[in-house]
Amino acid sequence: MNIYNVTFVVENEIEKDWAEYLDTEVLPGLGKNVHQIDLLKVTFEEGANNIKGTTFTVQFYCVDNEMINWVKEIGYQILLQKLHRKFTKNWVAFASKLEFIKSY
């Protein structure tokens with residue numbers, strides 16, 4: 001299983017509307033193309049004190065290379081475009097790929 005993770009830092013002034021839009025308008029459509037999508041709010045416990053805003057992650061769970069390629073090439077771009085159309089500023093994003101190794 002691979003997880004394509006998109007991390008967002010969202011300024012407090014748009015946080016509620018941003019999360020609601022993502023939850024109701026963006027992720028349900030994208031979820032049809034992957035195994036599962038999780039929307040997570042990140043609370044830093046230590047080590048990241050200078051981040052201004054709220055941090056979220058969107059995790060796309062992909063069971064095969066076809067799904068991960070779809071997310072990398074299409075899904076991620078759709079996600080960013082939809083968010084940018086609605087919220088032209090006050091947030092940033094970066095993507096990373098997590099590869100499942102083992103559960104303990």
Side-chain angles (χ1 to χ4, degrees):
M1 174 88 57
N2 287 294
I3 301 168
Y4 195 85
N5 179 72
V6 184
T7 302
F8 296 92
V9 179
V10 180
E11 290 186 12
N12 295 335
E13 64 193 57
I14 66 164
E15 172 192 347
K16 183 180 178 205
D17 292 337
W18 184 93
E20 183 178 312
Y21 177 72
L22 197 61
D23 176 43
T24 61
E25 300 294 326
V26 180
L27 296 182
L30 295 176
K32 297 173 185 174
N33 296 290
V34 295
H35 178 69
Q36 175 180 324
I37 297 178
D38 288 345
L39 173 59
L40 307 166
K41 185 175 181 179
V42 177
T43 303
F44 295 103
E45 297 293 328
E46 58 182 80
N49 298 328
N50 295 331
I51 296 176
K52 294 184 170 114
T54 303
T55 302
F56 293 91
T57 67
V58 173
Q59 297 185 338
F60 295 86
Y61 292 80
C62 303
V63 296
D64 57 31
N65 285 335
E66 187 175 314
M67 278 186 192
I68 198 79
N69 288 337
W70 180 87
V71 174
K72 287 168 55 176
E73 297 169 10
I74 299 169
Y76 179 56
Q77 297 305 316
I78 291 170
L79 172 65
L80 294 182
Q81 287 172 7
K82 287 186 176 217
L83 284 169
H84 185 70
R85 280 188 214 128
K86 177 98 172 153
F87 304 97
T88 57
K89 57 183 180 172
N90 303 90
W91 61 276
V92 296
F94 64 90
S96 56
K97 181 181 162 192
L98 311 173
E99 182 179 352
F100 177 79
I101 303 295
K102 183 178 179 182
S103 292
Y104 296 89

Next item on the list: Mind running side-chain contact (heavy atoms from CB on, under 4.5 Å) on N90 and V10 for me, showing each step along the way?
Entry: CA-CA 6 Å; N90 303 90; V10 180; over 6 Å; no
Next item on the list: Answer yes or no: is there a side-chain heavy-atom contact under 4.5 Å between V9 and F94?
Entry: no
Next item on the list: Identify the heavy atoms of I37 and L27 that sit nearest to each other, and give their distance.
Entry: CD1-O, 3.9 Å
Item checked: Heavy-atom pair of closest approach, residues V6 and A93 -> CG1-CB, 4.3 Å
Notebook entry, point to check: Out of curiosity, does V42 fall in the hydrophobic cluster containing I3 (side-chain heavy atoms, cut-off under 4.5 Å, transitive links)?
Noted result: no
Item checked: Pairwise distance CZ(F56) to CG(D23) - rounded to 0.5 angstrom -> 10.5 Å
Next item on the list: Inspect the contact between K41 and E15 and indicate whether a charged nitrogen and a carboxylate oxygen are less than 4.0 angstrom apart.
Entry: yes
Check: Is it true that L40 and L30 fall in one hydrophobic cluster, defined by side-chain heavy atoms closer than 4.5 Å?
Finding: no
Notebook entry, point to check: Which distance, rounded to the nearest 0.5 Å, do you find between the NE2 of H35 and the CG of N2?
Noted result: 12.5 Å
Item checked: Parallel, tilted or perpendicular: ring planes of F8 versus W91, cut at 30 and 60 degrees -> tilted
Notebook entry, point to check: How close do L79 and V26 get, heavy atom to heavy atom, and via which atoms?
Noted result: CD1-CG1, 3.7 Å
Check: Quick one: do I14 and L39 end up in the same hydrophobic cluster if we chain Ile, Leu, Val, Met, Phe, Trp and Tyr together by side-chain heavy atoms under 4.5 Å apart?
Finding: yes
Check: How would you list, by chain and number, every residue that makes a salt bridge (Lys or Arg N to Asp or Glu O under 4.0 Å) with K86, sequence neighbours excluded?
Finding: none
Margin query: Let me confirm one number: the CG-OG1 distance from N5 to T57, rounded to the nearest 0.5 Å.
Written below: 5.0 Å
Side-chain donor/acceptor pairs under 3.5 Å, residues 60-75, sequence neighbours excluded:
residue, atom, partner, partner atom, Å
Y61, OH, D38, OD2, 3.1
Y61, OH, Q59, OE1, 3.1
D64, OD1, E66, N, 3.2
D64, OD1, M67, N, 2.8
N69, ND2, N65, O, 3.2

